[in-house]
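The block underneath contains the structure these notes are about, expressed in structure tokens.
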Amino acid sequence: MENLYAASSEHHNPSTSSTPCHPLSTRSASISAKKQKRIPLYQRSMSFDPNLLHNNGHSGFANGTSGALRETGVIEKLLASYGFIQCTERQARLFFHCSQYSGNLQDLKVGDDVEFEVSSDRRTGKPIAVKLLKVKPEILPEERITGQEVFYLTYTSEDVDGNVQLETGDKVSFSMETNKHTGAVNAHNIVLVKKKQGRCQGVVCAMKEAFGFIERGDLVKEIFFHYSEFKGNLDTLQPGDDVEFTIKERNGKEVATEVKLLPQGTVIFEDVSIEQFDGTVTKIIPKVSSKTQTDPLPGRIKVNFAISKELPFGDKDTRSKVTLLEGDHVRFNISTDRRDKLERATNIEILTDSFDVTEESRELDVLSAQRNHAIRIKKLPKGTVSFHTQSEQRYFGVVEKEAAGSISKSTSPAKSKEKDSEEGVIAYDEAGIKMTVPYHIKELEGCPIPQLGDKIEFSICEVKRTGLQSAVSIKILNRSPNTKRLVGYVAALKDNFGFIETSQHDQEIFFHYSEFSGDVDELEVGDAVEYNSSKGKGNKVSAEKVAKITTVNDPSDEVYPTVYTGKVLRPLRSVDPQQAEYQGLVEVTEEGSEKGEVYPFGIISLANKTDCLQKGETIKFQLCTVTQTGQKLAYNATTLRRGTVDCVKDQFGFINYEVGDGKKLFFRVNEVLDGVELQPGDEVEFSVILNQRTGKCSACNVFRVSEGQKLVAAPRPDRLVHRLKSITLDDASAPKLVVVRQPKGPDNTKGFTVERKIRQAGVID
């Protein structure tokens with residue numbers, strides 16, 4: 001290793017030099033070639049010794065002067081004690097030490113132009129810059145430029161005149177300076193001309209696929225904006241929303257940027273007068289707008305102020321959307337635009353005296369789908385318009401032809417399968433002359449369907465347009481003796497058909513909803529009806545012309561007061577469709593003379609017609625005698641059902657009670673009486689109902705009789721306690737726990753918030 005040492009160089013007077021020589025000459029022969037031991041790397045210093053500059057005892061010139069070999073460059077990097085210069089005239093990057101700068105080092109900064117000499121480092125032999133001088137940049141005489149954005153120029157705070165803080169968008173004037181060495185152009189002597197415009201407000205008036213338009217609140221003008229400039233959720237932005245934005249110029253056009261949503265009602269374009277004014281329409285809005293029509297307010301209203309003036313109006317200014325005609329008297333408010341002070345008429349209402357002045361003909365009608373075009377429509381009170389006239393006189397007549405059809409008003413597709421209505425005929429006398437008038441089933445007033453020969457009472461209705469007459473408000477006075485109408489009780493209701501229990505209570509008859517004269521939705525199980533019996537395909541009996549009635553020979557007229565306790569031997573066929581017999585059977589089980597007696601029962605026998613008596617259930621009932629057959633029938637039957645609650649979910653639960661094939665009975669929480677909150681184990685009483693359409697049973701009218709025992713955690717068996725006490729950590733036969741999946745909480749932690757403590761084997765807390 002060689003030791004580095006300093007060799008003194010002879011310095012000459014630069015004024016005496018004449019012939020230059022290259023400063024990067026080879027090393028002087030005065031440097032000792034003797035090899036010395038090198039200084040270790042960790043002992044080397046970054047300090048710079050000017051005496052180590054190697055110029056072979058000479059200056060840059062033969063006579064010792066160096067002025068002609070000075071170069072120029074730009075400070076590229078500047079650290080605490082050294083830096084680097086980028087040469088201007090050649091591709092070179094030179095090291096320099098700060099001690100070689102002849103000036104205040106605090107004024108030197110990156111980018112400054114400097115002049116220097118080139119020498120070489122004695123230790124490395126590499127060229128370095130010495131004798132640095134700062135060169136003042138030359139400012140080219142140029143014309144001052146005023147503009148907002150011509151091209152991008154760099155500047156510093158020192159280049160701004162005055163104590164002014166510039167912001168993006170400010171308009172300024174400045175001078176340009178070009179560094180002749182680097183070619184860099186900078187802004188200099190910057191003067192503020194105009195501050196940027198503040199935030200503007202407006203209303204979104206149109207939205208396209210990727211852009212939209214805003215109606216400005218300060219000018220009667222629309223401005224473009226791109227969706228990328230909206231600061232928020234674009235899905236929530238809709239036409240009519242209030243926004244604020246900044247105006248910038250792009251490609252010579254103003255656009256809205258930094259668009260933000262404002263609370264609704266922030267932007268107000270116009271002021272509407274509280275006072276209302278009267279005027280006359282002088283120009284109407286064209287029905288079909290032409291291509292040459294550019295006025296958004298084409299209508300005109302003349303108002304008589306101190307000086308008469310005409311106010312414009314548009315399509316959206318009429319409050320009732322009525323078609324205005326020239327000469328109409330109207331009442332309106334005046335709206336004044338805040339931006340350009342334009343006045344227009346708004347909230348326009350036509351006055352009733354307009355129709356008297358214009359003498360136009362008015363018609364009464366109801367809204368309907370028709371080809372004629374109605375204008376200037378005015379709503380009237382309901383019932384004002386009538387297409388018929390009904391006579392106040394009541395007529396009496398006899399049915400000559402029966403009407404067919406249904407008067408069902410149900411909208412249910414499952415129940416309203418109606419066949420085409422066929423009108424009937426009624427004969428009556430008027431001034432000794434026999435007259436006939438047609439009628440329809442829908443004109444009956446809560447009475448059964450009239451049969452041939454029935455005497456009825458009715459009114460006559462006449463259609464104004466055609467003059468056709470028909471019978472309405474029909475009531476049956478007397479039935480014809482030849483009419484054979486049967487009476488029964490609704491036993492079951494399905495999707496679009498049902499069954500009727502006969503008056504003898506021993507069988508059921510099928511009927512279709514289309515044969516029912518009335519609203520099927522109002523028909524319930526147990527209702528009394530009358531019907532005609534007919535035979536259809538396969539010689540099967542069915543009911544037709546079914547009508548609901550209120551007064552029948554009810555068996556309750558001959559009810560015995562004694563109450564019996566019995567057991568259901570056979571349910572109704574509606575409960576068990578597999579059995580051949582319709583009637584159910586009940587056996588008396590209480591002690592007495594009637595014990596063991598068996599009595600039939602039907603749908604009319606149930607106190608709750610929707611109740612579903614199951615085989616084997618205990619009931620209480622009375623007896624009655626059927627008037628037509630003299631047979632004794634169970635009547636007013638009620639059940640005595642008890643069970644325990646198995647479980648309760650959110651809105652439903654199950655009771656331990658066997659019904660049919662199921663051992664648990666479903667119930668809804670809203671069926672629990674008194675709003676009691678049931679718990680598993682509670683003893684309850686309830687009724688069982690059968691869903692006629694699904695065939696499934698459920699509990700209703702659930703009443704809690706007593707509370708069940710509260711469940712208490714059973715103690716651990718002695719064998720398990722003994723086993724836990726005998727387990728040790730070294731027991732290889734002890735049960736082992738294998739972690740299948742680590743726990744994880746909703747916040748992605750392990751889920752444990754309480755510090756776990758180590759448990760000792762065989763110790764129970």
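Bear in mind the structure is a predicted one, so any value in this text is a computation, not a measurement.
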Nearest 0.5 angstrom please: Ser605 OG to Leu572 CG, how far? 8.0 Å
Within-4.5 Å side-chain heavy-atom neighbours: Arg704 and Glu707: yes
Side-chain donor or acceptor of Gln622 paired with backbone N/O of Tyr560 under 3.5 Å: yes
Test side-chain contact (heavy atoms from CB on, under 4.5 Å) on Ile456 and Tyr439 and set out the steps. CA-CA 12 Å; Ile456 59 176; Tyr439 76 96; 5.6 Å; no
Determine the minimum heavy-atom distance between Asp242 and Pro263, stating which atoms define it. OD2-O, 3.5 Å
Assess whether side-chain contact (heavy atoms from CB on, under 4.5 Å) is satisfied between Phe666 and Phe654, documenting all intermediate values. CA-CA 5 Å; Phe666 172 87; Phe654 292 92; 4.0 Å; yes
Look at atom CZ of Phe510 and say whether more than 12 heavy atoms of other residues, nucleotides or ligands are closer to it than 6.0 Å. yes
If you compare all heavy atoms of Thr562 against all heavy atoms of Tyr564, which two are closest, and at what distance to 0.1 Å? CG2-CZ, 3.5 Å
Looking at every heavy atom in both Asp674 and Phe703, which two are closest together, and how far apart are they? OD2-CE1, 4.2 Å
Would you mind reporting whether His505 and Tyr489 have side-chain heavy atoms less than 4.5 Å apart? yes
Salt-bridged, Glu683 to Arg642, with N to O below 4.0 Å? yes
Quick one: does Pro600's side chain get under 4.5 Å of Leu633's, heavy atoms only? yes
Report yes or no: does Tyr513 contribute a side-chain atom to a donor-acceptor pair with the main-chain N or O of Lys494 at less than 3.5 Å? yes
So do the side chains of Ile655 and Lys664 get within less than 4.5 Å of each other, counting heavy atoms only? no
What one should report as the nearest heavy-atom pair of Lys231 and Lys260 is CB-CG, 3.9 Å
Asp519 side chain to Asp521 main-chain N or O, any donor-acceptor pair under 3.5 Å? yes
Gln579 side chain to Pro571 backbone, donor-acceptor under 3.5 Å: yes
Nearest atoms (heavy-atom pairs only) where Val525 meets Ala491: CG1-O, 3.8 Å
Just by distance, do the side chain of Glu515 and the backbone of Lys545 share a donor-acceptor pair under 3.5 Å? yes
Run Tyr657 and Phe686 through ring pair (Phe, Tyr, Trp, His ring centres under 6.0 Å) and show every step you take. CA-CA 10 Å; Tyr657 191 81; Phe686 52 91; 5.0 Å; yes
Straight-line distance of Ile474 CD1 to Glu457 CD, nearest 0.5 Å: 11.0 Å
Determine yes or no for a side-chain-to-main-chain donor-acceptor pair under 3.5 angstrom, with Glu229 supplying the side chain and Glu258 the backbone. yes
State, with a plain yes or no, whether a side-chain heavy atom of Cys697 is found less than 4.5 Å away from one of Leu665. yes
Closer than 3.5 angstrom, by distance alone: can the side chain of Asn532 be matched with the main-chain N or O of Glu544 as a donor-acceptor pair? no
Where Glu524 and Asp527 come nearest, the two heavy atoms and their spacing: N-OD2, 2.8 Å
How far does CD of Gln264 sit from CG of Leu262, to the nearest 0.5 angstrom? 9.5 Å
Rounded to the nearest 0.5 angstrom, the CG-OH distance for Leu623 and Tyr599 is 5.0 Å
Could you state the interatomic distance from CZ (Arg570) to CD (Glu581), rounded to the nearest 0.5 Å? 4.5 Å
So Val243 and Leu237, do their side chains get closer than 4.5 Å, heavy atoms only? yes
Would Val684 and Val645 count as a side-chain contact (heavy atoms from CB on, under 4.5 Å) here? Give the steps. CA-CA 7 Å; Val684 293; Val645 178; 4.0 Å; yes
How many angstroms lie between OG in Ser470 and NE2 in His388, if you round to the nearest 0.5 Å? 7.0 Å
Hey, is the main chain of Ile603 close enough, under 3.5 Å, to the side chain of Glu501 for a donor-acceptor pair? yes
Are the side chains of Leu678 and Phe667 in touch, meaning some heavy atoms are under 4.5 Å apart? yes
Spell out, as yes or no, whether a donor-acceptor pair under 3.5 Å connects the side chain of Thr589 to the backbone of Thr565. yes
Going through the distances and angles, do Phe511 and Phe516 end up as a ring pair (Phe, Tyr, Trp, His ring centres under 6.0 Å)? CA-CA 8 Å; Phe511 77 98; Phe516 179 69; 7.2 Å; no
May I ask you to test the Asp241-Leu261 pair for a side-chain heavy-atom distance under 4.5 Å? yes
Arg573 (side chain) donor-acceptor with Ala580 (main chain) under 3.5 angstrom: yes
Is there a side-chain contact (heavy atoms from CB on, under 4.5 Å) between Ser473 and Gln390 once you walk through the steps? CA-CA 10 Å; Ser473 304; Gln390 183 173 334; 3.5 Å; yes
